[in-house]
Amino acid sequence: MFNTYRPDTFDQVLDILDKETCHIFAGGTDLMIRKRQWQGAERKFTQSVVYISHLKELAGIVESDDYYEIGTLTTQTDIVDSDLPDYIRVPYSLMSSPAIRNVATVGGNIVNAASVADSLPIFYALDAKVELVSKYGRRLLPVEEFVLGKYKTARQANEILTKVIVPKFKEKGFSYKKIGQRKASILSKLSVFMVYNESDLRIAIGAVNDTVIRNRALEVTYKKDKNIDDLIQGYKSLMFGQDDKRSTKDYRERVTENLIRSFLKEMEDEL
Ligand SMILES: Cc1cc2nc3c(=O)[nH]c(=O)nc-3n(C[C@H](O)[C@H](O)[C@H](O)COP(=O)(O)OP(=O)(O)OC[C@H]3O[C@@H](n4cnc5c(N)ncnc54)[C@H](O)[C@@H]3O)c2cc1C
(Lines give C-alpha, C1' and ligand atoms only; values in the text may rest on other atoms or scores of the structure.)
Protein backbone atom coordinates (compact mmCIF):
# COMPACT_ATOMS: atom_id res chain seq x y z
CA MET A 1 0.00 0.00 0.00
CA PHE A 2 1.42 3.37 -0.93
CA ASN A 3 0.15 6.93 -1.29
CA THR A 4 0.08 9.19 -4.30
CA TYR A 5 0.42 12.97 -3.98
CA ARG A 6 -0.09 15.80 -6.44
CA PRO A 7 0.88 18.87 -4.41
CA ASP A 8 -0.17 22.34 -5.57
CA THR A 9 3.07 24.04 -4.64
CA PHE A 10 6.79 23.36 -4.52
CA ASP A 11 6.83 23.95 -0.75
CA GLN A 12 4.25 21.20 -0.34
CA VAL A 13 6.56 18.84 -2.27
CA LEU A 14 9.32 19.60 0.23
CA ASP A 15 6.94 18.97 3.16
CA ILE A 16 5.87 15.61 1.72
CA LEU A 17 9.46 14.52 1.04
CA ASP A 18 10.37 15.50 4.59
CA LYS A 19 7.72 13.22 6.06
CA GLU A 20 7.77 10.24 3.74
CA THR A 21 10.20 8.55 1.35
CA CYS A 22 8.64 8.88 -2.09
CA HIS A 23 9.37 8.31 -5.73
CA ILE A 24 9.39 11.70 -7.41
CA PHE A 25 7.46 11.23 -10.65
CA ALA A 26 8.52 13.70 -13.36
CA GLY A 27 7.95 12.39 -16.91
CA GLY A 28 7.68 8.83 -15.62
CA THR A 29 9.49 7.31 -18.61
CA ASP A 30 12.02 5.55 -16.39
CA LEU A 31 9.70 4.93 -13.44
CA MET A 32 6.94 3.28 -15.46
CA ILE A 33 9.36 0.78 -16.95
CA ARG A 34 10.70 0.05 -13.49
CA LYS A 35 7.19 -0.74 -12.30
CA ARG A 36 6.67 -3.26 -15.07
CA GLN A 37 9.59 -5.37 -13.84
CA TRP A 38 10.26 -6.65 -17.33
CA GLN A 39 13.44 -8.33 -18.56
CA GLY A 40 14.31 -9.24 -14.98
CA ALA A 41 14.87 -5.62 -13.90
CA GLU A 42 15.59 -5.80 -10.19
CA ARG A 43 14.34 -2.44 -9.01
CA LYS A 44 10.84 -2.20 -7.58
CA PHE A 45 8.29 0.61 -7.45
CA THR A 46 6.99 0.18 -3.93
CA GLN A 47 7.17 3.62 -2.32
CA SER A 48 4.61 6.39 -2.36
CA VAL A 49 4.68 8.65 -5.38
CA VAL A 50 4.75 12.43 -5.58
CA TYR A 51 3.84 13.89 -8.98
CA ILE A 52 5.64 17.09 -9.95
CA SER A 53 5.15 17.47 -13.71
CA HIS A 54 2.48 20.19 -13.26
CA LEU A 55 4.83 22.50 -11.28
CA LYS A 56 5.74 24.75 -14.18
CA GLU A 57 8.20 26.82 -12.13
CA LEU A 58 10.54 23.80 -12.27
CA ALA A 59 10.72 23.93 -16.07
CA GLY A 60 12.52 26.34 -18.38
CA ILE A 61 15.95 27.67 -19.16
CA VAL A 62 17.50 30.81 -17.71
CA GLU A 63 20.61 32.25 -19.35
CA SER A 64 23.08 34.49 -17.54
CA ASP A 65 26.50 35.79 -18.63
CA ASP A 66 28.31 32.64 -17.55
CA TYR A 67 25.70 29.90 -17.16
CA TYR A 68 22.64 28.16 -18.49
CA GLU A 69 20.32 27.09 -15.69
CA ILE A 70 18.06 24.30 -16.90
CA GLY A 71 15.03 23.54 -14.73
CA THR A 72 14.60 19.91 -13.82
CA LEU A 73 11.21 19.59 -15.58
CA THR A 74 12.52 20.95 -18.86
CA THR A 75 11.75 18.20 -21.34
CA GLN A 76 14.13 16.81 -23.91
CA THR A 77 11.92 18.41 -26.60
CA ASP A 78 12.16 21.77 -24.82
CA ILE A 79 15.95 21.49 -25.03
CA VAL A 80 15.91 20.59 -28.71
CA ASP A 81 13.58 23.53 -29.46
CA SER A 82 15.50 25.99 -27.28
CA ASP A 83 18.15 28.61 -28.03
CA LEU A 84 20.77 26.59 -26.19
CA PRO A 85 23.97 26.03 -28.18
CA ASP A 86 24.09 23.07 -30.54
CA TYR A 87 26.57 21.21 -28.34
CA ILE A 88 23.67 20.76 -25.88
CA ARG A 89 20.69 20.70 -28.27
CA VAL A 90 22.01 18.19 -30.80
CA PRO A 91 22.74 15.37 -28.33
CA TYR A 92 19.21 15.71 -26.92
CA SER A 93 17.76 15.44 -30.43
CA LEU A 94 19.35 11.98 -30.69
CA MET A 95 17.86 10.63 -27.45
CA SER A 96 14.87 8.29 -27.26
CA SER A 97 12.08 9.12 -29.76
CA PRO A 98 9.82 12.16 -30.35
CA ALA A 99 7.01 10.86 -28.12
CA ILE A 100 9.33 10.08 -25.22
CA ARG A 101 11.24 13.34 -25.65
CA ASN A 102 7.98 15.26 -25.14
CA VAL A 103 7.68 14.03 -21.55
CA ALA A 104 11.16 12.83 -20.50
CA THR A 105 12.81 15.45 -18.31
CA VAL A 106 16.37 16.65 -17.94
CA GLY A 107 16.30 16.02 -14.19
CA GLY A 108 14.85 12.53 -14.53
CA ASN A 109 17.71 11.41 -16.77
CA ILE A 110 20.29 12.69 -14.27
CA VAL A 111 18.67 11.34 -11.10
CA ASN A 112 17.95 7.96 -12.66
CA ALA A 113 21.73 7.75 -13.11
CA ALA A 114 21.66 4.85 -15.56
CA SER A 115 25.08 3.95 -16.90
CA VAL A 116 23.54 4.49 -20.35
CA ALA A 117 21.97 7.90 -19.56
CA ASP A 118 22.81 9.94 -22.63
CA SER A 119 22.81 13.37 -21.00
CA LEU A 120 25.43 12.52 -18.39
CA PRO A 121 28.53 12.64 -20.67
CA ILE A 122 27.48 16.15 -21.75
CA PHE A 123 27.08 17.40 -18.21
CA TYR A 124 30.31 15.76 -17.03
CA ALA A 125 32.24 17.33 -19.91
CA LEU A 126 30.77 20.77 -19.32
CA ASP A 127 31.47 20.73 -15.54
CA ALA A 128 27.77 21.11 -14.78
CA LYS A 129 26.37 21.22 -11.25
CA VAL A 130 23.00 20.14 -9.90
CA GLU A 131 20.97 22.03 -7.34
CA LEU A 132 19.30 19.95 -4.64
CA VAL A 133 16.67 21.50 -2.39
CA SER A 134 15.08 20.21 0.80
CA LYS A 135 12.93 21.84 3.47
CA TYR A 136 16.16 22.74 5.24
CA GLY A 137 18.13 24.38 2.45
CA ARG A 138 19.86 24.02 -0.85
CA ARG A 139 23.18 22.59 -1.99
CA LEU A 140 25.08 22.48 -5.24
CA LEU A 141 27.03 19.42 -6.35
CA PRO A 142 29.10 18.80 -9.50
CA VAL A 143 27.24 16.20 -11.56
CA GLU A 144 30.17 13.81 -11.27
CA GLU A 145 29.94 13.97 -7.45
CA PHE A 146 26.16 13.63 -7.56
CA VAL A 147 26.32 10.36 -9.54
CA LEU A 148 27.84 7.74 -7.23
CA GLY A 149 27.33 4.67 -9.42
CA LYS A 150 24.85 2.86 -11.62
CA TYR A 151 21.41 4.05 -10.40
CA LYS A 152 23.07 5.55 -7.32
CA THR A 153 23.22 9.24 -6.47
CA ALA A 154 24.05 11.48 -3.54
CA ARG A 155 20.42 12.67 -3.31
CA GLN A 156 18.98 12.48 0.20
CA ALA A 157 15.41 11.17 0.46
CA ASN A 158 14.06 14.60 1.42
CA GLU A 159 15.76 16.40 -1.49
CA ILE A 160 14.51 17.27 -4.95
CA LEU A 161 16.75 18.15 -7.86
CA THR A 162 15.60 21.56 -9.07
CA LYS A 163 18.01 22.47 -11.84
CA VAL A 164 21.25 21.75 -13.60
CA ILE A 165 23.67 24.65 -13.94
CA VAL A 166 25.86 24.48 -17.01
CA PRO A 167 28.84 26.83 -17.37
CA LYS A 168 29.00 28.33 -20.86
CA PHE A 169 31.75 26.93 -23.06
CA LYS A 170 33.13 28.99 -25.95
CA GLU A 171 33.00 26.05 -28.30
CA LYS A 172 34.91 25.84 -31.59
CA GLY A 173 33.76 22.35 -32.38
CA PHE A 174 31.96 19.43 -30.81
CA SER A 175 30.91 15.88 -31.52
CA TYR A 176 28.29 13.67 -29.93
CA LYS A 177 28.09 10.09 -31.09
CA LYS A 178 25.54 7.72 -29.64
CA ILE A 179 26.14 4.19 -30.85
CA GLY A 180 23.18 1.82 -30.68
CA GLN A 181 21.47 -1.04 -32.46
CA ARG A 182 19.12 1.38 -34.22
CA LYS A 183 18.56 5.13 -34.26
CA ALA A 184 15.58 5.73 -31.95
CA SER A 185 14.52 4.40 -28.56
CA ILE A 186 17.59 2.35 -27.90
CA LEU A 187 20.02 2.00 -25.03
CA SER A 188 23.46 3.17 -26.08
CA LYS A 189 26.30 0.70 -26.54
CA LEU A 190 28.40 3.76 -25.90
CA SER A 191 28.07 7.51 -26.22
CA VAL A 192 30.99 9.87 -26.67
CA PHE A 193 30.78 13.63 -26.20
CA MET A 194 33.74 15.80 -27.19
CA VAL A 195 34.05 19.56 -27.33
CA TYR A 196 36.98 21.92 -27.76
CA ASN A 197 38.16 25.48 -28.12
CA GLU A 198 41.65 27.00 -28.43
CA SER A 199 42.58 26.31 -24.81
CA ASP A 200 40.37 23.44 -23.76
CA LEU A 201 39.50 19.89 -24.78
CA ARG A 202 36.80 17.87 -23.03
CA ILE A 203 36.05 14.18 -23.62
CA ALA A 204 33.37 12.18 -21.79
CA ILE A 205 32.42 8.58 -22.51
CA GLY A 206 29.13 7.06 -21.40
CA ALA A 207 27.59 3.58 -21.28
CA VAL A 208 30.91 1.76 -20.92
CA ASN A 209 31.53 1.81 -17.15
CA ASP A 210 28.89 2.21 -14.44
CA THR A 211 29.57 5.95 -14.53
CA VAL A 212 30.82 8.33 -17.19
CA ILE A 213 34.54 8.30 -17.96
CA ARG A 214 36.15 11.73 -17.91
CA ASN A 215 39.79 12.39 -17.09
CA ARG A 216 41.00 15.97 -16.91
CA ALA A 217 44.68 15.01 -16.71
CA LEU A 218 44.47 13.17 -20.05
CA GLU A 219 42.71 16.14 -21.65
CA VAL A 220 45.33 18.62 -20.42
CA THR A 221 48.27 16.40 -21.32
CA TYR A 222 46.99 15.93 -24.86
CA LYS A 223 46.59 19.67 -25.31
CA LYS A 224 50.29 20.02 -24.41
CA ASP A 225 51.96 17.05 -26.09
CA LYS A 226 49.44 16.15 -28.87
CA ASN A 227 50.28 12.49 -28.31
CA ILE A 228 47.13 10.76 -29.47
CA ASP A 229 48.39 7.21 -28.81
CA ASP A 230 49.01 8.04 -25.16
CA LEU A 231 45.58 9.64 -24.94
CA ILE A 232 43.89 6.56 -26.40
CA GLN A 233 45.83 4.21 -24.13
CA GLY A 234 44.86 6.40 -21.18
CA TYR A 235 41.16 6.08 -21.97
CA LYS A 236 41.40 2.36 -22.67
CA SER A 237 42.95 1.84 -19.25
CA LEU A 238 39.88 3.50 -17.73
CA MET A 239 37.37 1.30 -19.55
CA PHE A 240 36.45 -1.38 -17.01
CA GLY A 241 33.06 -2.43 -18.42
CA GLN A 242 32.70 -6.05 -19.48
CA ASP A 243 30.88 -7.70 -22.39
CA ASP A 244 27.13 -7.44 -21.91
CA LYS A 245 23.94 -7.90 -23.93
CA ARG A 246 24.41 -4.52 -25.62
CA SER A 247 28.01 -4.95 -26.77
CA THR A 248 31.49 -6.29 -26.12
CA LYS A 249 34.33 -4.55 -24.32
CA ASP A 250 36.49 -4.92 -27.43
CA TYR A 251 33.89 -3.26 -29.69
CA ARG A 252 33.47 -0.36 -27.28
CA GLU A 253 37.22 0.20 -27.05
CA ARG A 254 37.70 0.13 -30.82
CA VAL A 255 34.79 2.43 -31.60
CA THR A 256 35.80 4.88 -28.87
CA GLU A 257 39.33 4.94 -30.26
CA ASN A 258 38.09 5.61 -33.80
CA LEU A 259 35.72 8.34 -32.65
CA ILE A 260 38.39 10.11 -30.60
CA ARG A 261 40.98 9.85 -33.39
CA SER A 262 38.69 11.27 -36.05
CA PHE A 263 37.45 14.07 -33.77
CA LEU A 264 40.97 15.11 -32.81
CA LYS A 265 42.06 15.10 -36.45
CA GLU A 266 39.20 17.49 -37.25
CA MET A 267 40.14 19.59 -34.24
CA GLU A 268 43.81 19.85 -35.25
CA ASP A 269 42.81 20.77 -38.83
CA GLU A 270 40.57 23.55 -37.50
CA LEU A 271 42.91 25.07 -34.92
C1 LIG B 1 11.21 4.06 -25.03
C2 LIG B 1 12.25 4.77 -24.20
C3 LIG B 1 13.40 5.26 -24.81
C4 LIG B 1 14.38 5.89 -24.05
N5 LIG B 1 15.50 6.36 -24.68
C6 LIG B 1 16.47 6.95 -23.97
C7 LIG B 1 17.65 7.44 -24.60
O8 LIG B 1 17.83 7.36 -25.83
N9 LIG B 1 18.62 7.98 -23.81
C10 LIG B 1 18.47 8.10 -22.47
O11 LIG B 1 19.38 8.59 -21.82
N12 LIG B 1 17.35 7.67 -21.84
C13 LIG B 1 16.35 7.12 -22.55
N14 LIG B 1 15.21 6.66 -21.92
C15 LIG B 1 15.09 6.82 -20.48
C16 LIG B 1 14.25 8.05 -20.03
O17 LIG B 1 13.38 8.51 -21.03
C18 LIG B 1 15.16 9.22 -19.62
O19 LIG B 1 16.07 8.82 -18.63
C20 LIG B 1 14.33 10.41 -19.11
O21 LIG B 1 15.08 11.60 -19.21
C22 LIG B 1 13.85 10.25 -17.69
O23 LIG B 1 13.08 11.39 -17.34
P24 LIG B 1 11.64 11.28 -16.68
O25 LIG B 1 11.18 12.65 -16.43
O26 LIG B 1 10.75 10.42 -17.48
O27 LIG B 1 12.05 10.55 -15.34
P28 LIG B 1 11.12 9.75 -14.29
O29 LIG B 1 10.82 8.40 -14.82
O30 LIG B 1 9.98 10.58 -13.86
O31 LIG B 1 12.17 9.67 -13.09
C32 LIG B 1 13.39 8.96 -13.22
C33 LIG B 1 14.08 8.91 -11.86
O34 LIG B 1 14.47 10.21 -11.46
C35 LIG B 1 13.79 10.60 -10.25
N36 LIG B 1 13.46 12.01 -10.41
C37 LIG B 1 12.87 12.59 -11.47
N38 LIG B 1 12.85 13.92 -11.32
C39 LIG B 1 13.43 14.18 -10.14
C40 LIG B 1 13.73 15.38 -9.42
N41 LIG B 1 13.43 16.59 -9.91
N42 LIG B 1 14.35 15.29 -8.23
C43 LIG B 1 14.68 14.08 -7.72
N44 LIG B 1 14.43 12.92 -8.34
C45 LIG B 1 13.82 12.97 -9.54
C46 LIG B 1 12.59 9.69 -10.15
O47 LIG B 1 12.14 9.54 -8.83
C48 LIG B 1 13.16 8.41 -10.74
O49 LIG B 1 13.95 7.76 -9.78
C50 LIG B 1 14.20 6.05 -22.66
C51 LIG B 1 13.03 5.57 -22.04
C52 LIG B 1 12.07 4.95 -22.81
C53 LIG B 1 10.82 4.45 -22.13
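First listed ligand is number 1; within each ligand, the first listed atom is number 1.
- Close approach of ligand 1 to Asn109 is summarised as follows: ligand atoms under 4.0 Å from at least one heavy atom of the residue are 10 (C), 11 (O), 12 (N), 18 (C), 19 (O), 21 (O), 22 (C), 23 (O).
- Annotation for ligand 1: atoms under 4.0 Å from non-hydrogen atoms of Leu161 are 40 (C), 41 (N), 42 (N), 43 (C).
- Considering Val111, Leu58, Val130, Val49 only, the shortest heavy-atom separation from atom 45 (C) of ligand 1 involves Val111.
- When heavy-atom distances to ligand 1 are checked against a 4.0 Å cut-off, Leu31 comes that close through both its backbone and its side chain.
- Looking only at side-chain heavy atoms (C-beta outward), Tyr92 and Ser119 come within less than 4.5 Å of each other.
- You'll find the side chain of Gln76 stays beyond 4.5 Å of the side chain of Thr29, heavy atoms only.
- Where the criterion is an N or O separation shorter than 3.5 Å, residue side chain and backbone included, Ile24 meets it with respect to ligand 1.
- Between Gly28 and ligand 1, at least one N/O pair is under 3.5 Å apart.
- Closest heavy-atom approach to atom 15 (C) of ligand 1 among the candidates Val13, Thr162, Ile100, Asp30: Asp30.
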Verdict with reasoning, Asp66 to Lys168, per side chain to side chain contact (heavy atoms under 4.5 Å, CB included): CA-CA 5 Å; Asp66 299 324; Lys168 288 184 174 174; 5.8 Å; no
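- Taking the six-membered ring where the residue is Trp, Tyr196 and Phe263 present perpendicular rings, their angle passing 60° and hence far from 30°.
- For the pair Asp127 and Arg202, the salt-bridge criterion is met [side-chain N within less than 4.0 Å of a carboxylate O].
- Here Arg254 pairs with Asp250 in a salt bridge; the nearest charged N to carboxylate O distance falls below 4.0 Å.
- The closest side-chain heavy-atom distance from Arg139 to Glu159 is below 4.5 Å.
- Near Gly27, the atoms of ligand 1 lying under 4.0 angstrom from a non-hydrogen atom of the residue are 24 (P), 25 (O), 26 (O), 30 (O).
- For ligand 1, the polar-atom distance check finds no N/O of His23 at less than 3.5 Å from any of the ligand's N/O atoms.
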Under the salt bridge (Lys or Arg N to Asp or Glu O under 4.0 Å) criterion, do Lys223 and Glu219 qualify, and how do the steps go? CA-CA 6 Å; Lys223 272 298 224 183; Glu219 294 167 355; over 6 Å; no
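- Checked against a 3.5 angstrom limit, the closest N/O atoms of Glu159 and ligand 1 fall outside it.
- Per-residue contacts place Ile160 under 4.0 angstrom from the following atoms of ligand 1 (heavy atoms of the residue considered): 40 (C), 41 (N), 42 (N).
- A pairwise comparison of heavy atoms in Thr211 and Leu148 identifies CG2-C, 4.3 Å as the closest pair.
- The side-chain heavy atoms of Tyr87 and Leu126, taken from C-beta on, include a pair separated by under 4.5 Å.
- Looking at Thr72 next to ligand 1, an N or O pair under 3.5 Å apart turns up.
- The closest approach between Lys178 and ligand 1 falls below 4.0 Å for a heavy atom of the residue.
- When side chains are defined from C-beta on, Asp18 does not count as touching Leu14, because their heavy atoms never get closer than 4.5 Å.
- At least one N or O atom of Ala26 sits closer than 3.5 Å to an N or O atom of ligand 1.
- Residue contact check: Ala117 has heavy atoms under 4.0 Å from atoms 11 (O) of ligand 1.
- Of all atoms in ligand 1, numbered sequentially from 1 with element shown, those under 4.0 Å from a heavy atom of Asp118 are 7 (C), 8 (O), 9 (N), 10 (C), 11 (O).
- The closest non-hydrogen atom to atom 50 (C) of ligand 1, taken over Gly108, Pro91, Ser96, comes from Ser96.
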